[in-house]
Structures are given as structure tokens and as C-alpha cells.
Amino acid sequence: AAVDVPPQPRIELDRYSFDAGLLVEGDDLFASVVVKNRGELELKFECALESASFLVDGKPAKFPIKVAAGKEIEVGVKLALPGRVGLVREFMLFKTNDPLRSTISMNLNCYIVSKDELKKLFEKYKNIIK
């Protein structure tokens, strides 16, 4: 049987996980993701993550973000992590008008050390660094 599928937007991310590596207490986590529209209609989406700000073309993002059919856009994320140390795992949600993927997530990971811990690490491994 032949099934006609109506035109629709289709979201695709260039990555579904981002590891920022080692950060020092007080640093913000910065990441970027390319959002692609592989569908035939305009894609509209919003991003959600507590304590985060989002950028498009270096300017604060205005939601919903729109991506024409066959096009892509880069979204920057700045996540404030005040007072956090140790392993950080956060999930950024994309809420879209894609009927097959109305909500998708991207993992954001890092490990935060205090300045004292960083000093101890440099002292311990100073011979390797030189």
C-alpha cells in the first residue's frame, strides 16, 4: 500500500551530547549545537534549560526559533553553574513543531573543580606539565 505523508518539518541536531571537560568553580559552561531542518515545512522550536541563556548569531535568542526547510541554524548555550562542584549532567530540551519528534534532549556534561583542588592537581602533576 502507498501511504502519502504530508509535508512536515523534521528536526535533527549535529550532536546530542556535549562534554565541556574540566571547569573551575565559578566558570560557565558554553556549548553550541547546529539545528537542522530536514523536512519540507518551516521548523519552529524552543529551548529549555534552567539557568541557561541561548544565543543565535551572537544575540539573545527569540523563541520560537524558525528554520526554513533544508536549512540549519547554530544555537549557543551559556549555562551558569554558581556554587556547583563535581560532576554536572544537565539536559537541554528542544520543544518543536516536528510531529515525530516534538521534544528531544541534548546532554551537557562537565566536571567542576574548586580553585584549591586545581592548585593541588597542578602541584601533583607539575613534572608532567613541564
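The model shown is predicted, which means the values in this text are computed figures rather than measured ones.
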Colleague: Can you tell me if T96 uses its side chain to pair, donor with acceptor, with the backbone of R101 under 3.5 Å?
Modeller: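 Checked: pair present.
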
Colleague: Begin from the C-alpha positions of K62 and E46 and carry the test salt bridge (Lys or Arg N to Asp or Glu O under 4.0 Å) through to its verdict.
Modeller: CA-CA 9 Å; K62 294 187 193 294; E46 296 185 9; over 6 Å; no

Colleague: Suppose the criterion is ring pair (Phe, Tyr, Trp, His ring centres under 6.0 Å): which pairs have a residue in residues 56-75, not counting sequence neighbours?
Modeller: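 Only F54-F63 qualify under ring pair (Phe, Tyr, Trp, His ring centres under 6.0 Å).
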
Colleague: Using the rule that Ile, Leu, Val, Met, Phe, Trp and Tyr join whenever any side-chain heavy atoms are under 4.5 Å apart, tell me whether I104 and F18 fall into a single cluster.
Modeller: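 Yes, I104 connects to F18 through the hydrophobic network.
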
Colleague: Using modelled atom types only, decide if a donor and an acceptor are shared between the side chain of N97 and the backbone of K44 within a distance under 3.5 Å.
Modeller: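 Side chain of N97 to backbone of K44, a donor-acceptor pair under 3.5 Å: yes, one is there.
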
Colleague: Between C110 and L29, which heavy-atom pair has the shortest distance, and what is it?
Modeller: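 Looking at all heavy atoms of both residues, the shortest contact is SG-CD1, 3.7 Å.
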
Colleague: Say you draw a straight line from CD of E72 to CZ of R38; how long is it, rounded to the nearest 0.5 Å?
Modeller: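 Result: 6.5 Å between the selected atoms.
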
Colleague: Using only heavy-atom distances, determine whether the side chains of S32 and E74 contain a donor-acceptor pair under 3.5 Å.
Modeller: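 E74 and S32 do have a side-chain donor-acceptor pair below 3.5 Å.
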
Colleague: Any link between L81 and L55 through a network of hydrophobic side chains (Ile, Leu, Val, Met, Phe, Trp, Tyr) touching at under 4.5 Å?
Modeller: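 Different clusters.
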
Colleague: Can you see which heavy atom on S17 is nearest to which on N109, and at what distance?
Modeller: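 That would be OG-ND2, 3.8 Å.
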
Colleague: Does the side chain of E25 come within less than 4.5 Å of V113's, by heavy atoms?
Modeller: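 Side chain of V113 against side chain of E25, heavy atoms only: no contact under 4.5 Å found.
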
Colleague: Answer yes if L93 and V56 sit in the same cluster of Ile, Leu, Val, Met, Phe, Trp and Tyr residues linked by side chain heavy atoms under 4.5 Å apart, and no otherwise.
Modeller: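 They do not share one cluster, since no chain of ILVMFWY contacts under 4.5 Å joins L93 to V56.
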
Colleague: How many angstroms lie between atom OG of S53 and atom CG of D28, to the nearest 0.5 angstrom?
Modeller: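 Those atoms lie 8.0 Å apart.
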
Colleague: Has D98 got a side-chain atom pairing as donor or acceptor with F45's backbone, closer than 3.5 angstrom?
Modeller: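 Not confirmed, D98 side chain does not pair with F45 backbone.
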
Colleague: Under a 4.5 Å cut-off applied to non-hydrogen side-chain atoms, are S51 and P82 in contact?
Modeller: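 Sidechains of P82 and S51: no contact.
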
Colleague: Step through the shown structure and confirm whether more than 12 heavy atoms of other residues, nucleotides or ligands are within 6.0 Å of CG on D19.
Modeller: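 Enclosed.
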
Colleague: Hey, are the side chains of L13 and K36 touching, using non-hydrogen atoms and a 4.5 Å cut-off?
Modeller: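 L13 vs K36: side chains apart.
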
Colleague: Once rounded to the nearest 0.5 Å, what's the spacing between atom OG of S102 and atom CZ of F94?
Modeller: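 Output value for this atom pair is 14.0 Å.
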
Colleague: Please determine if E123 and K126 form a salt bridge, counting it only when a charged side-chain N lies under 4.0 Å from a carboxylate O.
Modeller: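 The answer is yes: the pair qualifies as a salt bridge.
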
Colleague: Which pair of heavy atoms, one from E42 and one from P9, lies closest together, and at what distance?
Modeller: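 Result for this residue pair: O-CB, 3.6 Å.
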
Colleague: Show the numbers, then the answer: is there a side-chain contact (heavy atoms from CB on, under 4.5 Å) between N107 and R89?
Modeller: CA-CA 7 Å; N107 300 331; R89 288 187 178 160; over 6 Å; no

Colleague: I73 pairs by side-chain contact (heavy atoms from CB on, under 4.5 Å) with which of V35, V34, V33?
Modeller: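 Checked V35, V34, V33 against I73; only one passes side-chain contact (heavy atoms from CB on, under 4.5 Å): V35.
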
Colleague: Rounded to the nearest 0.5 Å, how far apart are SG of C47 and CG of L49?
Modeller: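 One finds 9.0 Å between SG of C47 and CG of L49.
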
Colleague: So how far is it from L79 CG to D27 CG, rounded to the nearest 0.5 Å?
Modeller: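 Nearest 0.5 Å value for the CG-CG distance: 12.0 Å.
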
Colleague: Quick check for you: to the nearest 0.5 Å, what is the distance between M106 atom CE and Y16 atom OH?
Modeller: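 With rounding to 0.5 Å, CE (M106) is 10.5 Å from OH (Y16).
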
Colleague: Flag yes if L118 and I112 sit in one hydrophobic cluster, no otherwise; membership is Ile, Leu, Val, Met, Phe, Trp, Tyr, and two members link when side-chain heavy atoms are under 4.5 Å apart.
Modeller: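 They do not share one cluster, since no chain of ILVMFWY contacts under 4.5 Å joins L118 to I112.
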
Colleague: Flag yes if V88 and F91 sit in one hydrophobic cluster, no otherwise; membership is Ile, Leu, Val, Met, Phe, Trp, Tyr, and two members link when side-chain heavy atoms are under 4.5 Å apart.
Modeller: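 No, separate clusters.
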
Colleague: Are any side-chain N or O atoms of N37 and backbone N or O atoms of R10, one a donor and one an acceptor, separated by less than 3.5 Å?
Modeller: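 Answer holds: yes.
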
Colleague: Ignoring hydrogens, what is the shortest heavy-atom contact between R84 and E90? Give both atom names and the distance.
Modeller: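 That would be NH1-OE2, 2.7 Å.
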
